[in-house]
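The next block holds one structure in the form of structure tokens; read it before the comments.
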2 protein chains.
Amino acid sequence: MDIRTLCLGILTKGDATGYEIKKTFEQELSHFYDASFGSIYPALTKMTEEGLVNCTEQAQEGRPDKKVYAITPAGRMSFLDALSKEPRKDKIRSEFLAMLMFSDLLSPSRVAHLIDRRLKEVDDFINHKAGCHTEAMTNAEKFLIGFGEAIYRAERDYLNENRHLLEAEALLSAKSAAG
Amino acid sequence: MDIRTLCLGILTKGDATGYEIKKTFEQELSHFYDASFGSIYPALTKMTEEGLVNCTEQAQEGRPDKKVYAITPAGRMSFLDALSKEPRKDKIRSEFLAMLMFSDLLSPSRVAHLIDRRLKEVDDFINHKAGCHTEAMTNAEKFLIGFGEAIYRAERDYLNENRHLLEAEALLSAKSAAG
DNA sequence: AGAGTCATGTAACGCGTTACATGATTGT
DNA sequence: ACAATCATGTAACGCGTTACATGACTCT
């Protein structure tokens, strides 16, 4: 599923500008997808040409015209077709975990720093994004936030309970290098 | 952290061929990174030119010469330098979660299928990869496998406990479409 | 005064995948 | 017979990011 298709999906939830679609990526999809303006705007332009969406320009003062996109029946068909494909394996790229894999090459304080930093991000999510289920949310939205929360809680607990394994590892290497 | 740097990291654990590096990606890094031959082989060739690794060819019968790569002191320095940078935010791309976000457009059986399929993958990991800590493993390797296991367990439990939210959502849409 | 928000777009570039090319050996 | 494993490599292509370009309005 490319960014293009996901933009189409976002438009099934309601009309939006490119700018608003970007915000949706940041706010609702951020823990399982992301996209930049450089991919969103060209995608919308192209899909307009292809008749999957249509665009209504709204003049504004002191700003570029706001372009509100709406999905067309052809666009909806195209999106449903994409949803009928089997989802591909998740693609994950975690520099955090990659670095921890080499914790034997790091100082104990560096390992501690990496983990503390991550725990802070995880806690921030749990405290701010999670738990604030509003009326307007669909079940799917609640489900996804709850999913993120469950994963983050598991991660937090695991890091707290097992960080000593890596901190000991780093300590050992530091000792053997010194001795 | 690009594939190139990660290959260098893998070589800090011991000499290896491109083929073996690929296997390492599949077996040890698969839940937080992946790489294809098309990125590994050119990376090794380039790093050889740059003096970050060196290459010893071993003639073989009926097969291409095996090229065993070893990291050089310059390569080790370069990798340590990469480890000193702050890790960037994880990049995740989950078609599974993206599809669930649009579960209101899917039939209940389709939603159930997607979740069942995912649960199978998760269970497979928990039953096969997790829990088999051997003697030869470093603490970092145990930590990472344990991490994966913790996350997968949380995911499994969450899916089992909350799938009804999405299955109900889909059911509702199906009804309203029919009615 | 400076950061953040609203608002769109393009061009160059990087990085990696996919598919192709080759081919023996071993297990089912 | 067929698939998998071992083993390396290239070229085309896709997809997306980064950086640049522009500019007003609002909050601190």
Side-chain angles (χ1 to χ4, degrees), chain A residues 1-8 10-11 15-27 29-30 32-50 53 55-69 82 88-95 98, chain B residues 1-8 10-11 15-27 29-30 32-50 53 55-69 82 88-95 98:
Chain A
M1 188 130 61
D2 51 22
I3 299 299
R4 192 188 130 93
T5 307
L6 223 43
C7 289
L8 208 51
I10 290 167
L11 291 175
D15 299 353
T17 64
Y19 192 85
E20 287 164 348
I21 290 175
K22 176 81 192 312
K23 278 203 301 190
T24 303
F25 272 102
E26 284 165 1
Q27 287 162 14
L29 305 165
S30 67
F32 57 93
Y33 254 95
D34 59 15
S36 62
F37 286 127
S39 59
I40 293 170
Y41 285 124
L44 291 171
T45 306
K46 198 144 190 234
M47 290 196 293
T48 306
E49 287 164 15
E50 294 169 6
V53 300
C55 170
T56 314
E57 284 193 52
Q58 284 173 12
Q60 295 192 126
E61 292 163 28
R63 284 184 197 172
D65 291 357
K66 185 189 271 194
K67 293 186 171 181
V68 181
Y69 291 91
R88 275 179 301 178
K89 195 174 166 291
D90 292 4
K91 285 215 183 299
I92 299 170
R93 183 151 289 204
S94 174
E95 292 202 356
Chain B
M1 187 128 63
D2 51 20
I3 300 299
R4 191 189 131 93
T5 307
L6 222 44
C7 288
L8 208 52
I10 290 167
L11 291 174
D15 301 353
T17 64
Y19 192 85
E20 287 163 347
I21 289 175
K22 176 81 191 315
K23 277 202 303 189
T24 302
F25 272 102
E26 284 165 1
Q27 288 161 14
L29 304 166
S30 66
F32 57 94
Y33 253 96
D34 60 14
S36 62
F37 286 128
S39 59
I40 293 170
Y41 285 124
L44 290 170
T45 307
K46 197 145 191 230
M47 291 196 291
T48 306
E49 286 164 16
E50 294 169 8
V53 300
C55 170
T56 314
E57 284 192 52
Q58 284 174 12
Q60 294 191 128
E61 291 163 27
R63 282 184 199 172
D65 292 356
K66 183 189 273 192
K67 293 187 172 182
V68 181
Y69 290 91
R88 274 179 302 178
K89 194 172 168 290
D90 291 5
K91 285 212 185 300
I92 299 171
R93 183 151 290 207
S94 174
E95 293 201 356

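Predicted, not measured: the structure shown is a model, and the values here were computed from it.
One can place CD1 of Ile40(A) at 11 Å from P of dG16(D), the figure rounded to the nearest angstrom. Rounded to an integer number of Å, the gap from CZ of Arg93(A) to P of dG16(D) is 14 Å. In this structure, Lys91(B) atom NZ and dC15(D) atom P are separated by 17 Å, rounded to whole Å. Between Tyr41(B) atom OH and dG16(C) atom P there is a gap of 17 Å when expressed in whole angstrom units. Across the protein-nucleic acid pair, Lys89(B) atom NZ and dT17(D) atom P stand 12 Å apart, rounded to whole Å. Regarding Asp34(B), its CG atom lies at a distance of 17 Å from the P atom of dC15(C), rounded to whole Å. Residue Tyr69(B) contributes atom OH, which lies 7 Å from atom P of dT8(D) at whole-angstrom precision. The CZ-P distance, from Arg88(B) to dT17(D), rounds to 12 Å in whole Å.
Distance check: Arg88(A) CZ to Glu95(B) CD gives 4.5 Å after rounding to the nearest 0.5 Å. Summarising the geometry, atom CG belonging to Asp65(B) is positioned 9.5 Å from atom CD belonging to Gln58(B); distances are rounded to the nearest 0.5 Å. The CD1 atom of Ile40(B) sits 14.0 Å away from atom CZ of Arg4(B), with the distance rounded to the nearest 0.5 Å. Here the CD-OG1 distance, from Glu50(A) to Thr45(A), works out to 11.0 Å after rounding to the nearest 0.5 Å. Residue Lys23(A) holds its NZ atom at 9.0 Å from CD of Glu26(A), rounded to the nearest 0.5 Å.
The side-chain contact (heavy atoms from CB on, under 4.5 Å) with Tyr69(B) is formed by just one residue from the set Asp15(B), Thr17(B), Thr48(B), Ile21(B); it is Thr48(B).
Contacts of Gly18(B) with the nucleic acid, taken as non-hydrogen atoms under 4.0 Å apart, involve only primed sugar atoms and P, OP1 or OP2. At the heavy-atom level, Thr45(B) lies nowhere under 4.0 Å from the strands shown.
A donor-acceptor pair under 3.5 Å is absent between the side-chain atoms of Ser30(B) and the main chain of Gln27(B), judged by distance alone.
Taking only side-chain atoms of Ile3(B), from C-beta outward, the nucleotide of dG16(C), dT8(D), dG16(D) with the closest atom is dG16(C). In this structure, the nucleotide among dG16(D), dA7(C), dC6(D) sitting nearest to the side chain of Ser39(A) is dG16(D). Comparing dT17(C), dT8(D), dC15(C) by their nearest atom to the side chain of Ser36(B) picks out dT17(C).
One end of the helix from dA1(C)-dT28(D) to dT28(C)-dA1(D) points its axis 60° away from the other end's axis, with each axis taken from 5 pairs and the angle rounded to 10°.
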